[in-house]
Amino acid sequence: MEKCTIRTHVLTALTEQDRTTKARLDALLLADLTATDEYQSACTLATYMALPHEFDTSLVIRRALADGKRVLIPRTRKTDRSMQMCAYDPENLTRTSFGLLEPSLDAPAVPLNEIDLIHVPAVAVNTGGYRIGYGAGYYDRFLASYTGSTLITAYRDIQLVEFSPEDFDVPAMRLLMR
Ligand SMILES: Nc1nc2c(c(=O)[nH]1)N(C=O)[C@@H](CNc1ccc(C(=O)N[C@@H](CCC(=O)O)C(=O)O)cc1)CN2
Ligand SMILES: Nc1ncnc2c1ncn2[C@@H]1O[C@H](COP(=O)(O)OP(=O)(O)OP(=O)(O)O)[C@@H](O)[C@H]1O
């Protein structure tokens with residue numbers, strides 16, 4: 001199947017997912033994520049501000065802050081399709097035209113080498129940890145120069161699909177699925 005076709009099918013299934021099932025899987029994925037060595041040893045970790053059909057990252061944000069970690073979230077720039085990671089500050093967020101909450105423009109970007117772990121969003125994944133996102137290539141470009149740990153959380157029944165990665169695709173080091 002073509003990437004674009006997979007994206008459409010999986011997004012439909014994600015939005016139709018039963019909310020009670022989702023909440024149960026989210027709790028399991030949170031436990032899986034926080035049990036990893038990468039999470040345990042991370043001082044600074046990046047996650048993202050989830051849309052309603054995505055894994056509920058507010059659980060990760062809350063837990064990581066309680067665990068004394070520095071939490072970062074992405075800010076995208078449409079003009080050159082670049083992305084930066086900035087400290088999560090609930091008082092300083094801006095909604096993008098795509099509907100995502102992002103750090104406002106005045107928030108300083110954190111250098112890549114200060115990030116220990118990146119929790120990468122995905123629409124679909126394959127068993128190799130390769131992902132299909134919303135199709136702008138933000139993470140592929142960002143991860144190309146990143147050397148720390150990466151992980152993806154995904155719903156196995158909905159998001160696991162076989163597809164062939166392209167040359168620029170960067171796989172996540174760890175894939176947690178429920
Ligand atoms: N919650 C969450 N935040 C995330 C991501 C994600 O997958 N989930 N991203 C994962 O990468 C980045 C944002 N990715 C985006 C990808 C595409 C478009 C977008 O505007 N898409 C247009 C058409 C694409 C184009 O040509 O620009 C659209 O669909 O209207 C916006 C954000 C960073 N933040
Ligand atoms: N390292 C890179 N440098 C320049 N362009 C890139 C790089 N990686 C990917 N791209 C471009 O980004 C575009 C989108 O890639 P792809 O369809 O894999 O996005 P995606 O992974 O679904 O999106 P996202 O990362 O935003 O969730 C591709 O057309 C590709 O040419």
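Note that this is a predicted model, so its numbers are computed, not measured. When a ligand or atom number is given, it counts from 1 through the structure's own listing order.
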Problem set entry | Expected output: side-chain Glu38 to main-chain Leu151 donor-acceptor under 3.5 Å | no
Problem set entry | Inter-residue atom distance Leu14.CG - Gln159.CD, 0.5 Å rounding | 5.0 Å
Problem set entry | Residue and atom name of the nearest protein heavy atom (relative to atom 27 (O) of ligand 1), distance in Å to one decimal | Arg81 NH2, 2.9 Å
Exercise. Rest of the hydrophobic cluster containing Leu105 (Ile/Leu/Val/Met/Phe/Trp/Tyr, side-chain heavy atoms under 4.5 Å)?
Worked result: none
For this session: Check whether any heavy atom of Pro74 sits under 4.0 Å from an atom of ligand 1.
Result: yes
Exercise. What part of Met49, side chain, backbone, both or neither, has a heavy atom within less than 4.0 angstrom of ligand 1?
Worked result: backbone
Exercise. Quick one: does Asp56's side chain get under 4.5 Å of Lys22's, heavy atoms only?
Worked result: yes
Problem set entry | Side-chain heavy atoms of Leu72 within contact of Leu45, under 4.5 Å | no
Exercise. Can you name the residues that form a ring-ring contact (aromatic ring centres under 6.0 Å, His included) with Tyr139, not counting sequence neighbours?
Worked result: none
Problem set entry | Protein contact of atom 9 (N) of ligand 1 - nearest heavy atom, named by residue and atom, plus distance | Tyr139 CE1, 3.7 Å
Exercise. Ligand 1 versus Pro121, non-hydrogen atoms closer than 4.0 Å: side chain, backbone, both, neither?
Worked result: side chain
For this session: Look at atom 14 (N) of ligand 1 and say which protein heavy atom is nearest, naming residue and atom and giving the distance to 0.1 Å.
Result: Tyr138 CD1, 3.4 Å
For this session: For Glu102 and ligand 1, answer yes if some heavy atom of the residue is under 4.0 Å from a ligand atom, otherwise no.
Result: no
For this session: Could you say whether the N/O atoms of Thr76 and ligand 1 ever approach to under 3.5 Å?
Result: no
For this session: Would you kindly say whether Asp80 and Ser82 are connected by a side-chain donor-acceptor distance under 3.5 Å?
Result: yes
Seminar exercise, completed: The closest protein heavy-atom partner of atom 17 (C) of ligand 1 is Ala136 CB, 3.6 Å
Exercise. Which pairs count as ring pair (Phe, Tyr, Trp, His ring centres under 6.0 Å) when at least one residue sits in residues 15-54, sequence neighbours excluded?
Worked result: Tyr48-His119
Exercise. Looking only at heavy atoms of Gly133, does any of them come nearer than 4.0 Å to an atom of ligand 1?
Worked result: no
Exercise. Any donor and acceptor pair, going by atom type alone, linking the side chain of Gln40 with main-chain N or O of Thr34 inside 3.5 Å?
Worked result: yes
For this session: Using a 4.5 Å cut-off on heavy atoms from C-beta on, say whether the side chain of Thr153 contacts that of Arg178.
Result: no
Seminar exercise, completed: min-distance protein heavy atom vs atom 28 (C) of ligand 1 -> Phe98 CE1, 3.7 Å
Exercise. Of the protein's non-hydrogen atoms, which lies at the shortest distance from atom 7 (O) of ligand 1, and what is that distance?
Worked result: Tyr134 CE1, 3.0 Å
Exercise. Can you name the residues that come within less than 4.0 Å of ligand 2, going by heavy atoms only?
Worked result: Lys3, Arg7, Arg131, Ile132, Gly133, Tyr134, Gly135, Ala136, Gly137, Tyr138, Tyr139, Asp140, Arg141, Phe168, Asp169
